[in-house]
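A short worksheet on the structure shown next.
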Amino acid sequence: MNTLKIDENSFELAEDIIKDLKASKDLGILKCIQCGMCTSVCPAARHTDYDPREIVKRVLDKDETLILDDILWNCFYCYTCHSVCPVNNSVCEITQILRQKAIDNGKGKPKVAPFSAYGESFLEFGLGSIPSNFFDDLIKDFGKEWLELKINIEDIREDLNLGSMFLPKKDVDDINKILEKTGFKNRLNKLRRCRDEENTR
Amino acid sequence: MKKIPDKEILLFKSCLVNVEYPGVESSTKYLFDKLGIEYIVSERQSCCTGLGHYADLFDQFSTTALAARNFGIAKEEGHKNIATLCATCYAILKKSCNILNDKDDIREQINKILDGSGCHELNYDADDMDSRENIFHSVEILYNKADEIKDLVKVDLSGLRVASHHACHYCKVHHKDTIGNARDPMVIETLAKACGVETVDWYDRKTTTCGNGFRQRYMNKDLSFSVTAEKLNSLKENDVDILLHMCPNCQMQFDRNQESIGKSVGTEFGIVCLNISQFVALALGADPYKVVGVQTHTVPVDKVLGKIKQTNLCQ
Amino acid sequence: MNNYNFSRYAPKSSIDIGVFLCRCGGNISDTVDIEKLASSIDAKVVKDFENLCSMKCQKNIRDIILEEELDRVVIAACSPITHEKTFRNHIAPLNPYLLEMANIREHCSWVHSDKNKATEKAISLTNAAVERVQYARPLDAIVRKTKKSAAVIGGGISGITAALSLANQGVKVHIIENKPTVGGNMIKIGKVFSPEKLAEECSLCLFNPLINEAVQHKNIDIMTNSEIKSSERKAGNFNLLIERKPGHVNEDKCTACGNCADICPVEVPNEWNENLMTRKAIYKPFPQSVPDIYTIDDNNCIKCGKCEKVCKMNAIDINMEGEIVPLNVGSIIIATGHKGFDLKKRPEYGYGRYDDVITQMELARIMGVNGPTDGKLLRPSNGKIPRRVVMVQCAGSRDEKPEGKRYCSKVCCMVSLKHASFIKHYYPDTEIVICYTDMRTPGMYENYFRHVQSKGIKLVRGRPGDITKKGENIVVRLEDTLRREPMEIETDMVVLSEAMEPSEGTLKVAETLNVGLTEDLFVKEKHSKIKPVATDIEGIYVCGTAQGPKDITESVSQANAAASKVSEMINGGLEIEPTIAVVDGRQCEMCGECVAACKYKAVYIHNERISVDPVACNGCGICVSKCENNAIDVMGQTDAQIFAMIEGMLKDKKEGERRILAFVDYIGYVAADNIGINRISYPESVRIIRVPSINRLMPKHILFAFENGADGIFLGEYPDEVMYSSIQEKVNEFRSALIKNSIDTDRLMYYKVYAPYFRGLANKLAEFDKQVGKALDKLEAVLYKASYKDL
């Protein structure tokens, strides 16, 4: 049986989330009445055990095991729950914040580590890209033409009269400096180490 | 409705448009030129971090710092109205703009970082940008010119049935800023109608995500595909020829994966995927290969190309 | 510093004042040295008594007034809140407003223990009253006459109820209805729920007799097809212009035979049947329509003239023109009702896309015996009896998203239960599923809920996200939150419990009458607890769903309440305190600043002159502070009186003595009295001055006080929602005036007072006294430094 102990503040986790940089202004987490509308439109809820309504319930109950729960990693970040919630709560944002907490405490690192190459390429070019470690798998689904596209992209862009997509070196350097100072490089290094460990395993 | 500009626009480049569907950028430029929209593209603009951000790799602070840098560039180049090609860029930039305006401590920290990185001139002052008045999706810029587009249509595309997929990161994240009813924006339909085609205004799962789900496509492919399949099945039931997009990530999900998903569910969908800008450009007579970039698509665009050929023969 | 032209306010000739001091059986005299007080006051007569409020003293006072030929009277005794009325009677034959009271009990003897200091303070309180009373003017109570007629806007259940109640009390009532028939929403509903009888009753059978009574009532005039075009207030009455649209059918001739509708070639959706069937361009909305005549819908009529020809009574005139009817009434009751939420704003629910997704009102019509299916429950798509009906609660209600309504529509839980019960009774094989978030059936309604539950309805707790079609079936998707899993409910009929929102008529009327609306656009009541049917304009009342979502029971009680408020005005005849704003037409330049400033909408323009509604005006004085031409004044609170009071309070201030003037409103004054009643002490420096509101004060008053020796100014007022924002502005205005005049803003304080929280006020006064002390020390140090430098 669960006992709600006297003097126990069960809103600590919720309040922590409300204060997070990612949380929207006036995030309606405390107004949740568990109507389940979020779950009724959630693609992850249809195909997995992820239940956005229950995520909020657990947050409001200060269930910190939630941060360690694999269930968090099923959200699509499609924001459908966010866009329909009658009290302006956003499970999508809550899940993003919880995942960051999971990364901070280590459990989430292996989940994110496979995307490290995105960060590496961002630091190199200032551009986003699909992490190259997924290419082999993607070619299987996308077909060989996709590989050809990767090879010919510069020519195609030229045919379309589009300029170079690359940033001048000075700007890439600036971006590197910024990301050093924001702590991103440090964060990325940790995730890379985690990736490399997983790979050797 | 919000006020939509037609000048001083910075066309904001997208990573997936760059290398997957560059035709989206060239089609948008083609249309902007035709419609007299004044814009620039900046070589200094960095990506928004979106794919990394929503894979939980980028933290909100770093993403916001890079957005501040890009806002600085837009201001410096005198083109403060940002028009994105991708729905995720749109969502990321708006969110960052709100943080920069609302949170003094974060703004100060970021300005300090910009100072220390040789970017003092790109510092962000509160309310330098307004998320509602300065940050748009390029499709909104086109939507604002739907009436003019109607007069410029050259190719008869009637007979094609099109449906829309209004990217989640366009209509849901900042739903108060979405044109029309965020639950069913009809922005793409309005543009498609201007080109004289029949639109399927509603289909089951219309508002569902494309299924990419950022990490899900790469780490939980089955989950990702089952959501995409729901949508493809519904489109098929509605006899849709073309699915119109406003986000390269959604477009990839439906275009590149369509065959694999079709195989796994035993259906051949044959649904052409085009960005609405590509579709409108085609309707206005743009060259499919030199402007619209159909050569980078996985599902063949033949259905549309056939229509264009017919029109050319008639002329 | 500013120099005020005080002579402008000086009384014309010398005035004889009598000051009467009360010992209050020791309550005052134990702490205040009455002899010293008496000897310190400069007046023609100064006399003290043991108990001034006694009947014996009344005679004494009167005798002295007559003997000494006094012009004004000051009573230094208890709080005016306790005995002002008594003493006003005591001073007859003098005008009751030629009296001033000094509160030397609650504000002095009961809060101070040092006899010397208390006596000093009593002297200054009495002095202030003496100064002030010289500027008192005789005033007469205002008697307001309200015309014995009213306009009731809207002919639904609320409007008809209010009209009947007034008409039965002898008031002439004009019902103004914009539709061709009265009846409103209630007449469309087939059945109404009865929580007592645990049954559904026939709505028409309840309502029709009332409508008939209204039609036949000699005091009721029903104007259909009519709308208010404009409204002008005049001395508490309203001049209305009513636009009467042409119905094209002569009421006296039409026999409602229906030949015209038979021949009419135009078919349009029948809104009275929620567009579930059609009607002709010439039509009678429903068989029991009142008035019982046909009418032409101008928007759809093609003017072919066929009906004119077929009418044997020559009742039809296609070219009939509308008219503008002037109406002068004493009061107005807004009963303009609600409309159903537009469910097209929720495209994911499929309303308008799937024929079998309908609203509760549509279901009501379908179930109504005079409805499109003659009362049979049939699916609009195929005319078959549904096997299952799924009801979706909160469709549009309880939703903070931009297209939604934030409020609970209050009736939908009961409406769905009513329909469920009714369906179960006649179609036991049809299954009912209600998807709900909370079932809200408060009070006796809970009995009805249980009664319907026992008929076998399925309740699923979850709010559906979308509704779609799969093959032949409609599918409602939601999470069964109690099972914690997403589910799809197959059905062949869905009923959305649509939110209630203000009708277009409500919005229009509010605009025409300049009545305030809530954030949700319903007519705003003056106070939700104690003035639930008054609007922010005196003489205009509201009832029914125009004011907010509610059921018939509640609408009817509100309608009766509104009617009784109107008749209170008419029958009681209202005597109003004359301490209200008065405009001097010679000075007024019609800038309109006062009209804009008045939070009570008491100031208005009539016949190119500024007028003040004496009932609405509460004498707060904000208009005075906005008038640049000194053309408006509040009786009993003139500038002269305020300046005199300040001067009197600061008179004979000794070196090193501290005096703080505390201006408080009525609530603040009551709180200060409570401090005294509870014998809590606060510094003797504090002198309390009652003002109608801080809004009455202007920077000139504040600066005058500082100039004349005030060490600090304390402002206390109850943060009433109507006034609070302007008080804040006011306080800021004072602060900047102080800054401009190099006065430390620490010497000014604003505090929100609450009547029961008098201890807080006492603490605050003490705190402020200290704060002022510090500010003065600081000032002294600066002055000392400056003088030292000079040396």
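Note: hydrogens, waters and symmetry copies are ignored here, and every other heavy atom, side chains too, is used. Chain A is the first sequence line, chain B the second, and so forth, proteins listed ahead of strands; every chain is numbered from 1.
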Nearest atoms (heavy-atom pairs only) where B/Ala65 meets A/Thr182: CB-CG2, 3.7 Å
Portion of A/Asp137 that has a non-hydrogen atom of chain B nearer than 4.5 angstrom: neither
A/Ser24 and B/Lys95, any side-chain heavy atoms less than 4.5 Å apart: yes
Ring geometry between A/Tyr77 and B/Phe214 (parallel below 30°, tilted from 30 to 60°, perpendicular above 60°): tilted
A/Asp20, part contacting chain B, at a heavy-atom distance under 4.5 Å: backbone
Closest-packed option against chain B by number of heavy-atom pairs under 4.5 Å, given A/Pro43, A/Pro168, A/Gly119: A/Pro168
Pairwise side-chain contact, B/Gln295 with A/Ile156, heavy-atom cut-off 4.5 Å (strictly under): yes
Atom group of A/Ile153 that falls short of 4.5 Å from chain B, counting heavy atoms: side chain
Salt bridge present between B/Lys221 and A/Asp141 (N-O < 4.0 angstrom): yes
Pick from B/His174, B/Arg256, B/His175, B/Lys263 with the largest number of heavy-atom pairs that fall under 4.5 Å of chain A: B/Arg256
Lys/Arg N to Asp/Glu carboxylate O, B/Asp102 vs A/Lys25, below 4.0 Å: yes
A/Phe125 portion near chain B, given a 4.5 angstrom heavy-atom threshold: neither
Heavy-atom side-chain contact between B/Tyr218 and A/Ile130 under 4.5 Å: yes
Greater than 12 external heavy atoms within 6.0 Å of B/Lys112's NZ: no
Note, A/Met165 side chain near B/Glu25 side chain (heavy atom, < 4.5 Å): no
Side chains of A/His47 and B/Glu230, donor plus acceptor under 3.5 Å: yes
Single hit among A/Leu160, A/Asn161, A/Leu162 for side-chain contact (heavy atoms from CB on, under 4.5 Å) with B/Lys29: A/Leu162
Part of B/Ile106 within contact of chain A (heavy atom distance under 4.5 Å): side chain
